[in-house]
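To start, the structure under review is shown below, and the notes come after it.
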Amino acid sequence: MAERTLRGARLGGQSFEDERGIEFAARQQIGYRCPQGHAFEITMSIEADVPAVWECPRCGAEALSTSGIEREVKVEKPARTHWDMLLERRSEKELEDILKERLELLRGGEIGPAHLHRANAKKRRASA
């Protein structure tokens, strides 16, 4: 087993290949400036989509591109409320009828929390 081990090599530590004959991808330097005045450059591939905003390595604030790249404004859908979803399925007239029906059942003691039924039952007994 000792014959097969590599002496002096660390696991994943370094590559034994040299850089001769390797063509690196074309690169570009993109400049950014944060609100604190920190200016820095990021190296990116020419083929990369360059972001308009990058986190400042010094203070962590959002730094804007100095090459005039604008942020994309995303159109946001308005939030759908429960009421909007109800109106997709029923008309307001239908909802008013359902509400009226349910309130009658609740007041009559047929539905709802048990403690409300007990209170109504005591009142009914007292009046009878």
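Below, all heavy atoms of this structure are taken into account, side chains as well, without hydrogens, waters or symmetry copies.
Expressed to the nearest 0.5 Å, how far CD of Q29 lies from OG of S67 amounts to 11.5 Å. Between the CG atom of D97 and the CZ atom of R90 there is a distance of 10.5 Å, given to the nearest 0.5 Å. Within the model, atoms CD of E41 and OG1 of T43 stand 7.5 Å from one another, a figure rounded to the nearest 0.5 Å.
Not one N or O on the side chain of E104 forms a donor-acceptor pair closer than 3.5 Å with the backbone of E101.
Heavy-atom minimum distance, E55 versus G60: CG-O, 3.6 Å. Contact record, S65 with P51: CB-O, 4.4 Å, taken as the closest heavy-atom pair.
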For C59 and H38: C-alpha separation, side-chain torsions, deciding distance, then whether side chain to side chain contact (heavy atoms under 4.5 Å, CB included) applies. CA-CA 8 Å; C59 64; H38 303 134; 3.7 Å; yes
Take R102 and I98 through the test side chain to side chain contact (heavy atoms under 4.5 Å, CB included) and record every step on the way to the result. CA-CA 6 Å; R102 299 304 283 183; I98 292 170; 4.1 Å; yes
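The number of heavy atoms from other shown groups lying within 6.0 Å of CG (D84) is above 12.
Side-chain contact between R80 and E88 is present, with heavy atoms from C-beta onward closer than 4.5 Å.
Annotation: side-chain contact (heavy atoms from CB on, under 4.5 Å) contacts of R71 (sequence neighbours excluded): A52, V53, E62, L64. Residues forming a side-chain contact (heavy atoms from CB on, under 4.5 Å) with E92 (at least two apart in sequence, or on another chain): W83, L87.
Cluster note: I69 groups with I30, Y32, F40, I42, M44, V50, W54 through ILVMFWY side-chain heavy atoms spaced under 4.5 Å, whether in direct contact or through intervening members.
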